Amino acid sequence: MAEVRSSGGTANAAPIPFIDLVAQHKTIEREVMEVVERVFATQSFILGEEVAMLEAETATYCDAHEAIGCASGTDALILALMALGIGPGDEVITSPFTFFATASSIVRVGATPVFADIDPVSFNLDPAAVDAAVTPRTKAIMPVHLFGQVAEMVPLLRTAARYGLAVIEDACQAIGAEYHGRRAGVLGTIGCFSFFPTKNLGGAGDGGIITTDDPDLAKRMRRLRVHGDSGGYTHVEVGLNSRLDALQAAVLRVKLRHLDDWTAARQQNAARYQQQFQRQGLSGYLTAPEILPERRHVFNQYVTRIAGGQRNAVLAALKADQIGAAVYYPIPLHLQQCFSNLGYVTGDLPESERACREVLALPIYSELPAGDQERVIAGLRSALGVDRATTRMKRAA
Ligand SMILES: *Cc1c(COP(=O)(O)O)cnc(C)c1O
């Protein structure tokens with residue numbers, strides 16, 4: 001293992017958090033507290049007018065015909081699967097390199113996740129691997145727009161059309177992301193979003209929303225989120241209790257108005273990392289995320305790749321310098337203990353397994369001060385031994 005040390009030079013500096021939600025809240029505190037008081041004044045806490053308004057505004061934002069609020073991104077995925085009638089005996093093809101809920105939602109409805117490997121550049125589903133994984137039992141493809149960049153949808157939609165499959169977009173990290181000028185959530189049959197507080201659009205607790213252009217699916221998901229009640233305690237099927245709170249909706253409506261500014265700030269931070277990696281000789285030591293053609297990447301996360309078995313040591317060195325960094329994700333889902341019954345073994349999905357060993361996410365949040373970003377880069381230079389290598393080269397010359 002290569003020598004990896006902390007820079008030691010930043011011991012007195014304030015810690016750099018991986019994400020700073022307090023900093024963001026300070027910029028909108030008055031707007032938020034005003035709507036919180038408005039909701040309290042009505043004492044109407046579940047669904048209602050605020051949720052209906054958020055649904056309309058989200059539908060407009062994503063260019064979808066309908067948006068349906070629900071209790072979380074996980075529930076959004078479960079409601080989508082239920083509305084499509086997917087259950088026992090059915091297979092859904094998805095990525096093993098994602099948050100757990102992508103696959104657990106499939107298991108929750110009694111269906112079987114079938115994992116296809118990822119593309120090493122985008123970290124999103126490899127369309128050829130998806131095509132090869134289709135069987136007579138396949139009912140849907142669930143691409144994930146990981147880290148805020150839309151998956152390669154054209155070939156995925158072609159496969160779906162050829163075999164008559166539904167496409168459920170796990171857009172939980174990708175509200176506002178675009179592909180060929182169209183927003184995430186309207187590229188497939190149903191789009192699922194999360195308002196978990198750390199997402200690029202986060203609430204004051206759990207929340208989620210579902211987009212679709214299909215009025216029948218929308219109607220069914222609206223019913224499924226309230227116990228399958230078609231009105232007047234008439235239950236036509238068994239659904240969930242998965243309603244969105246009015247407080248969440250009111251807060252999210254405020255934040256949605258700021259989302260494009262926050263996205264621009266994230267994109268700017270990403271561009272600065274990219275530029276400094278090149279200028280400061282880091283490009284040979286790590287791989288920066290690539291923005292693919294015809295995309296609007298919203299950088300829910302900024303995920304680099306560090307090869308050569310050094311990732312964990314770099315993470316430890318940054319931690320010693322009190323620089324926030326994180327690993328999304330350390331274990332591919334096909335190797336999770338709870339999915340051992342599916343029969344996957346190490347080596348089955350090599351690109352996903354390699355990504356788990358190599359990825360390192362850096363602070364990218366909208367309010368990240370430029371000085372802090374410089375310290376992140378200095379910490380990386382030190383951890384990766386860039387300065388020592390340069391000194392050695394100079395001495396040798
Ligand atoms: C966050 C997330 C989810 C789940 O959303 P929750 O609101 O936490 O339930 C699902 N899929 C992906 C890719 C996510 O990032």
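Order of appearance sets the numbers: ligands from 1, and atoms from 1 within every ligand. What you are looking at is a predicted structure, and each value in this text was computed from that prediction instead of being measured.
Taking the six-membered ring wherever Trp is involved, the centroid distance between the rings of Phe339 and Phe100 falls below 6.0 Å.
Ring geometry for Tyr344 versus His334: interplanar angle over 60°, hence perpendicular rather than tilted (30 to 60°).
Close approach to Thr98 involves these atoms of ligand 1, each under 4.0 Å from a residue heavy atom: 13 (C). Counting the atoms of ligand 1 from 1 in the order shown, those under 4.0 Å from a heavy atom of Val144 are 13 (C). Interface of Thr102 with ligand 1, defined as ligand atoms under 4.0 Å from a residue heavy atom, comprises 11 (N), 13 (C). Heavy-atom contacts of Gly73 reach the following atoms of ligand 1: 5 (O), 6 (P), 7 (O), 9 (O) (cutoff under 4.0 Å).
Partner Arg108 forms a side-chain contact (heavy atoms from CB on, under 4.5 Å) with one of Thr74, Asp75, Ile78 and no other, that one being Ile78.
Side chains of Asn200 and Tyr365: no donor on one and acceptor on the other come within 3.5 Å.
When the heavy atoms of Ser95, Ser194, Ala171 are ranked by distance to atom 6 (P) of ligand 1, first place goes to Ser194. Distances from atom 12 (C) of ligand 1 to the heavy atoms of Leu146, Asp170, Ile209, Thr74 put Asp170 nearest.
Val121 forms part of a hydrophobic cluster together with Leu292, judged by ILVMFWY side-chain heavy-atom separations under 4.5 Å.
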Derivation and outcome, ring-ring contact (aromatic ring centres under 6.0 Å, His included), residues Phe299 and Phe147: CA-CA 6 Å; Phe299 286 103; Phe147 307 140; 9.9 Å; no

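Within the 4.0 Å heavy-atom shell around ligand 1 one finds Lys199.
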